[in-house]
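Let me begin by presenting the structure, written as structure tokens, before commenting on it.
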Amino acid sequence: ALLYDTKAAHKRTWQWFYLGLSIGGLLPVADPVQFLRSLSDLMLEYENETESKQHIKPLFQARPKQGADRPSFMETGVYAYLETPELPFEPDYCHTFQALCDVLISMYGKFVNNTEGVCTQAFLDGVIKVDARIKKIIILVQKDLDSLAKSEIKAEMASLLLQ
């Protein structure tokens, strides 16, 4: 339970909530190339949101119309794809991560099922870049779980040695 009660875990839960909500908003985009372009821009916005030392949200958020070619965050400084709504409650760590995984399954499913005719080398390179960014998130969870397991094993071993 120590894993879930830290300030970092609370921050990460909000970040996962924002990412899952934002990817879910892109899932209806039918064109695989536009979906990948929008997803790539979303991941850039997400990285800006999570890696900035000062947590400054953009003043405006513009939700793009489906299929619309929007200027990127790097050009405007305005989030076009990352949704960051406020909630009247704190999202749950486990439920939020599970929901994010469900959205990621749907996202990867779009790449597997709907890419006939657009599967060029450039498209595959784009998918690999998005996948690398998603792996960073999964690796953080893996490290947290490894750390938790090690501390629990140490505590159990210490209790056995005291008996």
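Positions are given from 1, in the same order as the sequence printed here. All figures in this text were calculated on a predicted structure; none of them were measured in a lab.
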Report task. Carefully, step by step, assess Y18 and T50 under the rule side-chain contact (heavy atoms from CB on, under 4.5 Å). Result -> CA-CA 10 Å; Y18 295 152; T50 59; over 6 Å; no
Report task. Just do the side-chain contact (heavy atoms from CB on, under 4.5 Å) check on Y81 and M43 with the steps written out, would you? Result -> CA-CA 9 Å; Y81 300 99; M43 294 309 295; over 6 Å; no
Query raised in the report: Stepwise, does the side-chain contact (heavy atoms from CB on, under 4.5 Å) test hold for L19 with I137?
Result: CA-CA 11 Å; L19 183 61; I137 297 166; 3.3 Å; yes
Report task. Using the side-chain contact (heavy atoms from CB on, under 4.5 Å) rule, take Y46 and R133 through it: C-alpha gap first, then chi angles, then the decisive distance, then the call. Result -> CA-CA 10 Å; Y46 176 77; R133 291 180 170 132; over 6 Å; no
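In this structure a side-chain-to-backbone donor-acceptor pair under 3.5 Å is present from S22 to E83. The backbone N or O of L36 sits less than 3.5 Å from a side-chain atom of S40, completing a donor-acceptor pair. Within the 3.5 Å criterion, the main-chain N or O of Y93 finds no donor-acceptor partner in the side chain of T96. Not one N or O on the side chain of Q34 forms a donor-acceptor pair closer than 3.5 Å with the backbone of V29. Judged purely by atom type and a 3.5 angstrom limit, K110 uses its side chain to pair as donor or acceptor with the backbone of L27. Within the 3.5 Å criterion, the main-chain N or O of L82 finds a donor-acceptor partner in the side chain of E45.
The cluster map of Ile, Leu, Val, Met, Phe, Trp and Tyr, joined by side-chain heavy atoms under 4.5 Å apart, puts V118 and F35 in the same cluster.
Residues satisfying the side chain to side chain donor-acceptor pair (under 3.5 Å) test with D146, not counting sequence neighbours, are none. When the side chain to side chain donor-acceptor pair (under 3.5 Å) test is applied to E90, the partners found at least two apart in sequence or on another chain are H10, W14.
Ring-plane geometry between F111 and F123 is classed as perpendicular, the angle between the planes exceeding 60 degrees on a 0 to 90 degree scale with a lower cut at 30.
Nearest heavy-atom pair across T13 and P91 is CG2-O, 3.4 Å.
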When the side chains of residues 101-108 are checked against the rest of the protein, which donor-acceptor pairs come out under 3.5 Å, sequence neighbours left out?
unit_1, atom_1, unit_2, atom_2, d
S106, OG, D102, O, 3.4
Y108, OH, D131, OD1, 2.5

